[in-house]
Amino acid sequence: VIDSDPLVDALTAVVGPTHVLTEPGMMAGFEVDWTRRWRGRARAVVRPGATAEVASCLRCCADAGAAVVPQGGNTGLVGGSVPRGGEVVMSLTRLDGLGDVDRAAAQVSAGAGVTLAQLQAHVAAAGLGFGVDLAARDSATVGGMVATNAGGLHVLRHGAMRAQVLGVEAVLADGSVVRRMDGLVKDNSGYDLAGLLCGSEGTLAVVTEVRLRLVPVWPHRVTALVGTGGLDAALDLLVRLRSVPGLEAVEVMFADGVELVRAETGLGPSPVGPAPCQLVIECAGLEDPTDALGTVLSGPGVTGTAVASDPGGRTRLWAWRERHTEAVNSLGVPHKLDVALPLGRLAAFEAAVRPAVAAVAPGAAIVIWGHLGDGNLHVNVVGPPADDEAVDDAVLRLAAAHGGSISAEHGIGVAKRRWLGLTRAPADVSAMRAIKDALDPGRMLNPGVLWAVGQ
Ligand code: 2HG
Ligand code: ZN
């Protein structure tokens, strides 16, 4: 006998039977995140196909007193897109409409479920680019990227997701729709709701559509893989790289991580050998930046370089950096500590974090990489059980003690809510809470994210 759930019946009436999932086997993929650290049972998975359906589904859930976890590509890494237990998962991937590219304005409208790769291909066909790029491009969705204010590889040049967002359409917990999709570059008419929803992690509204700023496609693009003697030398190089026109990325990795990528992916030996600290650098512009870049790279501190300006060669160099995440996942379930540091404290933090991790998790694997130009390190630790937070506590406290942030780009999710007070004063947290309670007084949207349930 299958117990009937009136909420499931109501959702089915809105989206049709094929878009409400209740079978455990069908729901499994929506109930666990990409790291496998965060998981929980869903009451149902609902997949609305239009904004009006999102609104109707949210009204059904509100009437039933059922909490909702919005989900895009489920590549967020802090547990913000999977249920904690008993919520309805609302998957937005069917909202995959793409508007015509407005070349005059260099803008496009995209449904929340459009993947980054689909967006990139769509705008490339119109001769334009998108300012945010990241390794999860085939899964990450535009709506999730707005909700998490995703950063990625080119923040140095174009800023994070918030800097690309000109407008948003979103549905509030009570089913009302807020819509600012006219693409006006200037529009100071009260609070910037679109900006507020960037980084709101599904706690304020469900993003259904976004209006995005586009960037030129430069005729010249060059990527370099560079070996340096250590992080201090890499930071010196970063200062000199700022004089190279069109600098788009300065990414950092270390010899142990590069060796792990080689072992797990079969990429072959690194073209710059086992240099202790390695950078992936990218520049693009109207003029060919190769000579300007070469001049800086021929200076002190560089132990080896490999340069490519053809798409295949550039992709091969980027693979060393982009494939760190999957290489670490093959070691086990990672603890992911995405921290930002003032650049002047970055080397001291990196030197201190390895012994700090060893002290609380002897024998654990620690792999660090990140976005050097943004002062953002991804400290990944594999070894401690998923629910053991000693390593998280040690690393996040160390980042705060160095004047940094406990979350550079991935958000707080459920993973870091315990530590929100480390770098946000009580008055800041109260202001955030007041915004949350004003827009979602029933605390229906993504409860457990940012704050523990009941806090
Ligand atoms: C990256 O920059 C992503 O590779 C993922 O932000 C980082 O897996 C991670 O820890
Ligand atoms: Zn990153």
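Both counts, for ligands and for their atoms, begin at 1 and track the order of listing. Quick note: numbers below take in every heavy atom, side chains included, and nothing from hydrogens, waters or symmetry partners.
- Atom NE2 is the N/O/S atom of His378 found closest to the Zn ion (ligand 2).
- At a heavy-atom distance under 4.0 Å, only side-chain atoms of Asn380, from C-beta outward, approach ligand 1.
- Using a 4.0 Å cutoff on heavy atoms, Asp338 does not count as a contact of ligand 1.
- Around the Zn ion (ligand 2), the angle linking Glu409 (OE2) with His371 (NE2) is 90°, rounded to 10 degrees.
- Distance alone, capped at 3.5 Å, is enough to place a donor-acceptor pair between the Gln164 side chain and the His158 backbone.
- In terms of protein heavy atoms, atom 6 (O) of ligand 1 is closest to His410 NE2, 2.7 Å.
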Going through the checks in order, is the salt bridge (Lys or Arg N to Asp or Glu O under 4.0 Å) test met by Glu87 and Arg41?
CA-CA 8 Å; Glu87 300 92 339; Arg41 281 287 153 83; over 6 Å; no

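- At least one heavy atom of His371 sits closer than 4.0 Å to an atom of ligand 1.
- Geometrically, Arg137 does not engage Phe130 in a cation-pi contact defined by less than 6.0 Å to the ring centre and at most 45° from the axis.
- Heavy atoms of His324 found under 4.0 angstrom from ligand 1: none, in either backbone or side chain.
- Side-chain atoms of Asp338 come within 3.5 Å of backbone atoms of Glu409 as a donor-acceptor pair (strictly under, hydrogens ignored).
- Less than 4.0 angstrom separates some heavy atom of Lys336 from each of these atoms of ligand 1: 8 (O), 9 (C), 10 (O).
- Ring geometry for His378 against His410 counts as parallel: the plane angle stays under 30°, on a 0 to 90° scale with 60° as the upper cut.
- Just one residue in the list Ile412, Ile435, Leu450 forms a side chain to side chain contact (heavy atoms under 4.5 Å, CB included) with Thr203, and that residue is Leu450.
- Each of the atoms 4 (O), 5 (C), 7 (C), 8 (O), 9 (C) of ligand 1 lies under 4.0 Å from some heavy atom of Thr325.
- Two residues are said to be in side-chain contact when any heavy atoms from C-beta on lie closer than 4.5 Å; Glu350 and Leu341 fail this criterion.
- Under 4.0 angstrom from ligand 1, there are no non-hydrogen atoms of Glu322.
- The closest approach between any non-hydrogen atom of Arg321 and ligand 1 is below 4.0 Å.
- If you take CG on Leu372 and CG on Leu279, they are separated by 6.0 Å, rounding to the nearest 0.5 Å.
- The shortest heavy-atom distance from Leu77 to ligand 1 is under 4.0 Å.
- Annotation for ligand 1: atoms under 4.0 Å from non-hydrogen atoms of His378 are 1 (C), 2 (O), 3 (C), 6 (O), 7 (C), 10 (O).
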